[in-house]
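Whatever order the structure lists ligands and atoms in, that order sets their numbers, starting from 1. Below, each value reflects all heavy atoms present in this structure, side chains not excepted, and no hydrogens, waters or symmetry copies. Fair warning: this is a prediction, and the values are worked out from it, not measured in the lab.
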Amino acid sequence: MRKKALITGITGQDGSLLAGFLLEKGYEVHGLRLYAATDDSERIQAVADNRLFRLHYGDMTDGGGLWRILSEIKPDEIYNLAAQSHVRVSFDAPKATADINALGTLRLLEAIRGLNLNTRFYQASSSEMFGNAPAPQNENTPFSPCSPYGAAKLYAYWIVRNYRDAYGIHASNGILFNHESPLRGEEFVTRKIVRAVAAIEAGRQECLALGNLNARRDWGHAQDYIEGMWLMLQQDKPDDYVLATGKARSVREFVVAAFAQTGINLVWSGKEKDEKGIDARTGRVLVKIDPDLHRPTELHELVGNAVKAYEKLGWKPQLGFRDIVREMIDAERAAFRSADGRDDRAFLAAE
Ligand code: NAP
Ligand code: F7E
């Protein structure tokens with residue numbers, strides 16, 4: 001029997017990559033898609049024509065709609081990836097973030113329970129739930145989120161555990177550390193940096209404005225993490241797992257590595273809001289600080305310990321920091337080189 005999967009957040013980075021991964025494994029893949037007035041299907045172009053792929057309009061804030069979709073599909077596996085996933089935005093939209101990320105998860109679990117479905121459930125939990133707990137963080141590290149996003153994800157994490165214990169639902173939390181790819185949303189720092197570096201190289205942008213350069217993140221490659229999600233649902237018993245590379249780099253290091261890909265040696269001058277990143281050869285200022293990009297509370301260092309995932313799932317990340325920077329920069333440069341993409345991207349990058 002062909003397995004059926006439902007992916008919420010299908011138009012996002014992870015949703016689109018996971019759709020391709022599951023289709024290759026022979027799954028029938030259903031995607032929950034939020035209605036958008038402008039076309040947001042760019043990331044799912046590669047799978048859109050596959051006869052085993054189907055989209056459903058729905059919203060994580062609409063419990064009745066989710067109930068109907070689940071009763072129609074009766075999926076073997078649900079990957080709950082839909083979220084308001086931007087931490088900075090969660091400070092501006094805390095209630096919407098909670099409704100989508102926390103209650104949205106409860107709505108799906110309630111539908112599974114109410115419909116008595118034999119469905120395995122993956123929850124996209126996040127390292128943001130650890131807040132500033134001492135690094136490295138693993139499954140036993142106490143949570144102390146320091147953003148509305150992290151707090152909402154923590155509710156979802158616990159309600160998944162509760163429904164697993166109370167109703168025997170095969171529900172697992174993947175506590176994933178930052179993972180990136182050329183499909184990363186444009187407002188996240190890695191993609192913002194590589195877009196700007198490629199635009200500066202193409203002569204289409206003057207300078208890159210950033211917030212906290214000293215924050216450290218454990219950046220892995222999204223393609224590796226997708227496989228980890230799937231592995232969690234193939235286990236006999238549900239459980240919670242950290243996925244991470246175990247190595248942290250600062251935003252500053254990412255910026256330097258990205259410029260280095262275009263042959264620019266970036267050096268730093270000044271302090272705090274007056275700090276600048278300067279091209280060592282020409283003296284041109286390429287990076288400046290915008291204090292508005294700082295968060296009301298910042299999470300300083302995330303480094304994960306994924307030993308449990310290695311021991312129980314056989315999961316290990318294949319791609320490292322250098323691979324990620326190179327692949328993301330190459331994708332942006334290629335987009336600038338393509339005649340059609342050129343004007344469009346230049347306009348966006350200049351925003
Ligand atoms: P993403 O690119 O921001 O994708 C989020 C998806 O959720 C988008 O398809 C978005 O649709 C959809 N969505 C937003 N609000 C919705 C709503 N009300 N109803 C239905 N769908 C809605 O995020 P990602 O990077 O792929 O991450 C996937 C999941 O993993 C998220 O839950 C995120 O919080 C979590 N996570 C990510 C990371 C990471 O480093 N990437 C790490 C840990 C956990 P639109 O595109 O139409 O807005
Ligand atoms: O920020 C700093 C910022 O927005 C990383 C989401 O996928 O991973 C992601 O959340 C760091 C932060 O990711 C800018 O202050 C500096 O310290 O790329 P980010 P995030 O906040 O770590 C977790 C695990 C998730 O679950 C989330 O869904 O970079 N930073 N300057 C900046 N960040 C942004 N976005 N923009 C800047 O200009």
Side-chain angles (χ1 to χ4, degrees), residues 7-18 31-44 56-62 65-66 79-90 93 96-97 99-101 103-105 107-108 122-130 145-147 149-150 152-153 156-157 173-181 183-193 196 208-222 225-226 229 242-244 249-252 254-255 287 289-302 304:
I7 303 172
T8 72
I10 191 80
T11 55
Q13 169 187 259
D14 292 2
S16 52
L17 289 172
L18 181 64
L32 183 84
R33 175 190 194 179
L34 190 61
Y35 172 74
T38 49
D39 188 17
D40 63 349
S41 60
E42 195 186 335
R43 291 195 187 96
I44 46 173
H56 305 257
Y57 281 114
D59 190 322
M60 295 299 290
T61 63
D62 172 11
L66 295 175
Y79 295 85
N80 182 30
L81 310 184
Q84 188 305 92
S85 73
H86 201 285
V87 175
R88 175 69 192 83
V89 170
S90 77
T97 302
D99 200 0
I100 299 164
N101 299 7
L103 294 182
T105 306
R107 291 180 185 106
L108 284 175
Y122 171 86
Q123 169 59 18
S125 285
S126 166
S127 53
E128 269 286 320
M129 302 185 312
F130 293 122
C146 55
S147 64
Y149 169 83
K153 283 284 181 181
Y157 168 91
N173 283 293
I175 307 170
L176 270 50
F177 284 63
N178 298 52
H179 45 278
E180 318 294 312
S181 77
L183 298 179
R184 185 58 143 152
E186 286 147 16
E187 298 298 326
F188 297 93
V189 78
T190 56
R191 183 85 192 282
K192 179 176 170 181
I193 293 167
L208 164 65
L210 289 170
N212 181 3
L213 295 173
N214 298 319
R216 290 168 64 79
R217 291 291 184 277
D218 180 334
W219 279 299
H221 195 292
Y225 290 53
I226 295 309
M229 295 175 189
V242 159
L243 299 186
R249 312 276 183 154
S250 64
V251 172
R252 185 189 303 278
F254 196 105
V255 175
V287 182
I289 302 300
D290 177 352
D292 287 346
L293 293 168
H294 284 273
R295 297 169 183 190
T297 43
E298 177 62 279
L299 200 163
H300 305 294
E301 178 166 59
L302 285 173

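Each of the following atoms of ligand 2 lies closer than 4.0 Å to a heavy atom of His86: 35 (N). Each of the atoms 24 (C) of ligand 2 lies under 4.0 Å from some heavy atom of Ser127. Every atom of ligand 2 with a heavy atom of Tyr149 under 4.0 Å away is listed here by number and element: 25 (C), 26 (O), 27 (C), 28 (O). Against a heavy-atom cut-off of under 4.0 Å, Val87 is close to the following atoms of ligand 2: 10 (O), 21 (O). Residue Lys192 approaches ligand 2 through these ligand atoms, each under 4.0 Å from one of its heavy atoms: 37 (C), 38 (O). Atoms of ligand 2 found under 4.0 Å from any heavy atom of Ser126 (numbered from 1 in listed order, with element): 23 (C), 24 (C), 25 (C), 26 (O). Atoms of ligand 2 found under 4.0 Å from any heavy atom of Ala215 (numbered from 1 in listed order, with element): 17 (O). Those atoms of ligand 2 with a heavy atom of Leu293 less than 4.0 angstrom away are 38 (O).
The protein non-hydrogen atom at the shortest distance from atom 32 (C) of ligand 2 is Val189 CG2, 3.4 Å. Looking from atom 12 (C) of ligand 2 to the surrounding protein, the closest heavy atom is Arg217 NH2, 3.5 Å. Ranking protein heavy atoms by distance to atom 7 (O) of ligand 2, first place goes to Arg184 NH2, 2.9 Å. The nearest heavy-atom contact from the protein to atom 35 (N) of ligand 2 is Glu187 O, 2.9 Å. In terms of protein heavy atoms, atom 31 (N) of ligand 2 is closest to Gly211 N, 2.8 Å.
Under 4.0 angstrom from ligand 2, there are no non-hydrogen atoms of Gln13. Contact annotation: for Arg88 versus ligand 2, there are no heavy atoms closer than 4.0 Å. The part of Arg295 lying near ligand 2 is the side chain, judged by heavy-atom distances below 4.0 Å.
Residues Ile175 and Tyr157 form a side-chain contact, since some pair of their non-hydrogen atoms from C-beta on lies under 4.5 Å apart. At a threshold of 4.5 Å between non-hydrogen side-chain atoms, the residues Leu81 and Met229 count as touching.
Taking Ile100 as the reference, Met60, Thr61, Gln84 meet the side chain to side chain contact (heavy atoms under 4.5 Å, CB included) condition, with sequence neighbours excluded. By the side chain to side chain contact (heavy atoms under 4.5 Å, CB included) test, Leu213 is found to be paired with Leu210, Val251, Arg252, Trp268, Glu275, Ile289, residues two or more places apart in sequence or in another chain being considered. In this structure Tyr149 satisfies the ring-ring contact (aromatic ring centres under 6.0 Å, His included) test with no other residue, sequence neighbours excluded.
Listed for the Ser250 side chain is no donor-acceptor partner under 3.5 Å among the backbone atoms of Ala215. Put simply, the side chain of Ser41 never gets that close to the backbone of Ile44: no donor and acceptor are under 3.5 Å apart. For the pair Asn173 (side chain) and Ser125 (backbone), a donor-acceptor distance under 3.5 Å is absent. Lys192 contributes a side-chain N or O that, together with a main-chain N or O of Ala209, makes up a donor-acceptor pair within less than 3.5 Å. Between the Arg191 side chain and the Arg184 main chain, a donor and an acceptor come within less than 3.5 Å of each other.
Remark: Leu183 CG to Arg43 CZ distance equals 6.0 Å, nearest 0.5 Å. Interatomic distance, Ile226 CD1 to Tyr79 OH, rounded to the nearest 0.5 Å: 9.5 Å. Atom CG of residue Leu299 and atom OG of residue Ser127 lie 7.5 Å apart, to the nearest 0.5 angstrom.
Taking any N or O of Asn178, backbone or side chain, at least one lies under 3.5 Å from an N or O belonging to ligand 2. For ligand 2, the polar-atom distance check against Ser85 finds a nitrogen or oxygen pair separated by under 3.5 Å.
Remark: of the listed residues Thr8, Leu34, Leu66, Leu34 is the sole one forming a side-chain contact (heavy atoms from CB on, under 4.5 Å) with Asp59.
Here Arg107 pairs with Asp99 in a salt bridge; the nearest charged N to carboxylate O distance falls below 4.0 Å. Ion pairing between Arg88 and Glu128 fails under the 4.0 Å rule for side-chain N and carboxylate O.
Between Glu298 and ligand 2 there is a heavy-atom distance shorter than 4.0 Å. Assignment of Arg252 to the shell around ligand 2 is not supported, since no heavy atom sits closer than 4.0 Å.
The residues lining ligand 1, counting any heavy atom closer than 4.0 Å, are Gly9, Thr11, Gly12, Gln13, Asp14, Leu34, Asp40, Asp59, Met60, Leu81, Ala82, Ala83, Ser85, Ile100, Ala124, Ser125, Ser126, Tyr149, Lys153, Leu176, Phe177, Asn178, His179, Arg184.
Of the candidates Leu213, Leu210, Asn212, the one placing a heavy atom closest to atom 16 (C) of ligand 2 is Asn212. Across Asp290, Leu302, Val251, heavy-atom proximity to atom 11 (C) of ligand 2 is greatest for Val251.
A 6.0 Å sphere centred on CD of Glu187 holds no more than 12 heavy atoms belonging to other residues, nucleotides or ligands.
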